[in-house]
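Just so you know, residue 1 is the first one in the sequence shown, and it goes up from there.
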Amino acid sequence: MGVSSGSGGQVLTLDTLVRLGRGLRTPGTPGTPHKLTVPEGMTVPLGCDAVGVPVRLGEQLASRLPRVGCVYTDATHWWWLVPADSDYALEWPAPAQYATGAVVPDAPVAPALVRRGEGTLPYTSPIPLYLALCRLTGTTPAWSRPVSSAG
């Protein structure tokens, strides 16, 4: 399904519209954005976003995951590379931050690589990461919450 811009115009798919909407987001506080760089020899065929968690949760989170991809850290957060659009229809629990394009907002310095994933893909699987983070924060996963008929 797509949206046409008129006679003979380009068709915009839902994926394109979602990506354009994400591009309009701006960080809540001023600072310097830093793009996380993928290590040499790795590829990102699915694009790349990042999920940030406070340092105090980083090591706990890593120990709960079956496979860890590339992880970066700065003074306040651990940043996990995930495939692009890993926030689509998914609410990452607070205090997590989602960084589209792996551009880390408001970092005082560029985060440093502290763990390199195995193989050629830098990703941590988003669903195990999400579930482990929900567990650590005491958050019920979005798909397990009761649905209300009240509108």
Side-chain angles (χ1 to χ4, degrees), residues 3 10 12-148 150:
V3 177
Q10 181 180 3
L12 299 175
T13 66
L14 181 57
D15 289 338
T16 302
L17 294 172
V18 167
R19 286 182 195 272
L20 288 171
R22 289 184 178 144
L24 296 175
R25 292 183 190 165
T26 56
T29 57
T32 304
H34 295 282
K35 182 159 178 62
L36 301 176
T37 56
V38 175
E40 183 88 23
M42 293 189 135
T43 61
V44 288
L46 302 175
C48 203
D49 289 345
V51 176
V53 299
V55 169
R56 65 182 166 76
L57 293 178
E59 193 64 45
Q60 294 176 62
L61 198 51
S63 68
R64 294 173 182 245
L65 295 171
R67 181 187 173 281
V68 176
C70 291
V71 181
Y72 301 76
T73 189
D74 57 32
T76 59
H77 288 84
W78 279 35
W79 294 95
W80 309 78
L81 291 186
V82 293
D85 301 329
S86 292
D87 65 333
Y88 181 73
L90 190 64
E91 294 175 38
W92 287 87
Q97 294 182 37
Y98 193 86
T100 304
V103 176
V104 177
D106 311 324
V109 297
L113 181 67
V114 292
R115 292 181 187 228
R116 187 185 196 281
E118 295 179 13
T120 60
L121 299 176
Y123 308 123
T124 295
S125 296
I127 298 302
L129 179 63
Y130 173 79
L131 290 172
L133 188 57
C134 284
R135 180 86 165 208
L136 281 174
T137 60
T139 304
T140 302
W143 55 77
S144 296
R145 294 181 195 142
V147 178
S148 171

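Nearest heavy-atom pair, R116 versus C70, reported as atom, atom and distance to 0.1 Å: CA-SG, 4.1 Å. In terms of heavy atoms, V51 sits closest to A96 at CG1-CB, 4.3 Å. Pairing each heavy atom of Q60 with each of L136, the nearest pair is OE1-CD2, 3.4 Å. In this structure, W80 and G58 approach most closely via the heavy-atom pair CZ2-O, 3.7 Å. Closest approach of V82 and A50 over heavy atoms only: CG2-N, 4.2 Å. Taking each heavy atom of P95 and L57 in turn, the nearest pair found is CG-CD1, 4.1 Å.
Rounded to the nearest 0.5 Å, atoms SG (C48) and CG (L81) are 4.0 Å apart. In this structure, OG1 on T37 lies 7.5 Å from CG on L113, to the nearest 0.5 angstrom. Rounded to the nearest 0.5 angstrom, D87 CG and D85 CG are separated by 6.5 Å. In this structure, CD1 on I127 lies 4.5 Å from CH2 on W143, to the nearest 0.5 angstrom. Here the straight-line distance linking atom CG of L131 with atom CZ of R64 works out to 11.5 Å at 0.5 Å rounding.
Applying the side chain to side chain contact (heavy atoms under 4.5 Å, CB included) criterion to P128, with sequence neighbours excluded, gives L65, P66, S125. In terms of the salt bridge (Lys or Arg N to Asp or Glu O under 4.0 Å) criterion, residue partners of E59 (sequence neighbours excluded) are, by chain and number, R115.
Side-chain contact between H77 and P111 is absent, with no heavy atoms from C-beta onward closer than 4.5 Å. Looking at L90 and P141, their side chains never come closer than 4.5 Å, going by heavy atoms from C-beta outward. Using a 4.5 Å heavy-atom threshold, the side chains of V71 and W79 count as separate.
The aromatic rings of W92 and Y130 sit perpendicular, their planes meeting at an angle over 60°, well past the 30° parallel limit.
With hydrogens and angles disregarded, a donor-acceptor distance shorter than 3.5 Å links the side chain of Y98 to the backbone of S86. Judged by distance alone, the side chain of Y123 and the main-chain N or O of G117 form no donor-acceptor pair under 3.5 Å.
None of L61, V68, V53 except one satisfies the side-chain contact (heavy atoms from CB on, under 4.5 Å) rule with L129; the exception is L61.
For R67, the CZ atom counts as densely surrounded, since its 6.0 Å shell holds more than 12 non-hydrogen atoms of other residues, nucleotides or ligands.
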